[in-house]
Amino acid sequence: MSILRLDAVRREIGDFVILDSVAGSIARGERIGLVGPNGAGKTTLLRIIGGRDDPDRGRVHIAQGIRVGMLGQESNRDTAFATAPTVLRAVRSGATEVERLELELARLESAGPAAVAGPEYARIRDRFDHLDGYHLDQRVEEILSGLGVAKADWERPPTQLSGGEQTRVALARLLVDDPDLLLLDEPTNHLDLAALEWLEAYLARRDGAVLVASHDRAFLDAVVTRIWELRDRRLKPFRGAYSAYLVQREAADARERKDAETSTEQIARERELIQRYRSHRKYAKMHEHERRLEALEATRTEAPRAQARMALPGQALLGGAAARSGDIAVTLEDVVVGFPRSETTPDGTPILRIGRLDASRGERVGVVGPNGAGKTTLLRTVAGVLSPLEGFVRLGANVTPGYLAQIRDAPIPGSTVLDAILAAGRIETTAARSYLARFLFRGEDVLKPVAELSGGERSRLELALMGVTPANLLLLDEPTNHLDIPAREALESFLRASGSTMLIVSHDRRLLESVCQRLWVVDPGLDGKAGLVAPFDGSYREWRQAVADGWTVAQELERRRPDRARGAAGTGGGTATQRGRPAGVPTGTAADRATRPAPASGKRPAPLSKDAYRRQIGKVEEDMTRLGVRKSQLELALGDRRVQSNFVELRRLTSELADVDGALAQAEEAWLALSERAPR
């Protein structure tokens, strides 16, 4: 049964059409992901469904008695939210019906035993029980804790929190309200990894319907069961989660391109026949084919328009490629990072204590941990923006850092996008325009005032500015913030292909999994003590599995302590296949078993004997062949229309394909590592 239906909804701003003839329906309990590039109209559609804007044409039909709640960009400016004395009161006030029933029950109880024994009291109490009113305070605390709102902030006024914290509290208030249809616009912004996983589990077990606009692909895969794609002002539904949608969309685009090609050929053929019959004065036949041509043109299939995609250049705008750095790009040893010394804190404010961390040339390291743990402070210290309170940060020979800050201390120079690039160096206007086009600033877009850029446009400009001069150490703080999915995928492709060393602070799990070879895990300090950082020699997925098996930062540092005492470089750089895996991370294929730890010196490892090399390389190649065959089988199966119409089978095959892709990449990495140890 549909609880909401869109009927030919159209929205215009001036002469620009944002939504055109949008139709769709939401059933009770459905979880739908709304996707599309920035500017496609996702927020506009959510606001229309939520009743905050009216369509210019068409209608939104909502079933009687259905409550709709929306988390928008202005949710923290709601009067009840902003005027609440504490965070707890602000969140509790989201349960408006429960609080109203509480007052009614209290009124009747104060009226005496006769009122309590009456039918009105029984009716109100039944409704109160149905809404689980007696556990409201418990639910409020559970949701605040799950979303990562610190308990110390619960008694503070909401207006004293940061913008990101206010957004989390506004989301908590909406979840407490628990409407029949929940509309969420980028709910994962400002959430750390633990809060993301909690929200995914909460939404997946919730009975009410959800329509969520998000660029977080892992979140969409974990939560939704259908996708609505906004493209070319129209809405197109797809079955399954985001990964299944990608496969279906590619197949649908291929069919549309083929249909468009066939349609064009048919139209050309009819025109040719019309000309032939006209020249032979066979007017009856000519008119017959004119009618056919008219029908074909009326039903003509247009090929899907290619989406403009960001294409990051392989070389810097000035200076070309970066120089090759030394073997060790970054080293931190016995370092304390924190806020600088001041009159009130003459010794500074320690945030993190680091025994030893390093990153080798070309390594891609993800920096992960809760919000407020000190990840940005650590990156700013490596970048030289902050000085360490103790110890030294050493950059290797020929290391040139490039730093992408999450929040800039200084405004971007120049009044327009083009001015910002021209101010970064001696660049000709033509070259600057061509360079900006790779970041989707084309035509008049380069003359946009910097102050009026959207979040996504500003993020693209920040990336463009970082690429003006060559850098072989990329320090990236939340690089996917405000980027849509195509831009995120373009950034990931660039980072995977780059030979630069990277330190990446991010909550984007797909970015961490697809780009980063290992992690620096930040554990926040408690009771005023500085936090700790431990390296994890494996991928993001392996780390999450290790955490589930009991891995902690403290245990990892204790495990590595003997290595440091012996002078080994156990806390240093190296991928999972170069440095071995920590305890608790399972191994599976021959690719896992084929590799051995690389020597700490960074020199080429000792060669294997002919028999050992033949045996190990044979096992890895056997794995690669087997995985390659299975990958081809899965891709073929996913193209089958019967599979595409079976959601359960489609999701199973899509999940298996992702696992096979990961195992194949691991096998290829192991093969490369073994080739370094071939007999001489």
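These numbers come from the heavy atoms of this one structure, side chains and all, not from hydrogens, waters or symmetry mates. The residues of the chain are indexed from 1 along the displayed sequence.
No side-chain donor-acceptor contact under 3.5 Å links S459 and N481. For E165 and S162, the side-chain atoms include at least one donor-acceptor pair closer than 3.5 Å. Side chains of E109 and Y121: a donor on one and an acceptor on the other come within 3.5 Å. Checking H215 against D508 by side-chain atom types alone, no donor-acceptor pair falls below 3.5 Å.
For the pair R460 and F441, the distance from NZ or CZ to the six-membered ring centre is under 6.0 Å and the angle to the ring normal is within 45 degrees.
With respect to R92 and E141, no salt bridge is recorded, no charged nitrogen being found less than 4.0 Å from a carboxylate O. Under 4.0 Å is where a charged nitrogen must lie from a carboxylate oxygen, and between R442 and D445 no such pair does. Checked for salt-bridge contact, R59 and D7 miss the test: no charged N lies under 4.0 Å from a carboxylate O. Between E97 and R127 a salt bridge is recorded (basic side-chain N to carboxylate O distance below 4.0 Å). For the pair E12 and R10, the salt-bridge criterion is met [side-chain N within less than 4.0 Å of a carboxylate O]. Under the 4.0 Å criterion applied to side-chain N and carboxylate O atoms, D178 and R139 are not assigned as salt-bridge partners. Under the 4.0 Å criterion applied to side-chain N and carboxylate O atoms, R67 and D177 are assigned as salt-bridge partners. Taking 4.0 Å as the cut-off between side-chain N and carboxylate O, E102 and R107 do not count as a salt-bridged pair.
Considering only residues two or more places apart in sequence or on other chains, E250 meets the side chain to side chain contact (heavy atoms under 4.5 Å, CB included) condition with none of them.
Put simply, CG on D137 and CD on E142 are 13.0 Å apart, with the number rounded to the nearest 0.5 Å. Considering CZ of R226 and CG of L34, their distance stands at 11.5 Å, rounded to 0.5 Å.
The aromatic ring centres of F128 and Y134 sit less than 6.0 Å apart.
In this structure, W198 and Y202 have parallel ring planes: the angle between them is below the 30° cut-off, well short of the 60° mark.
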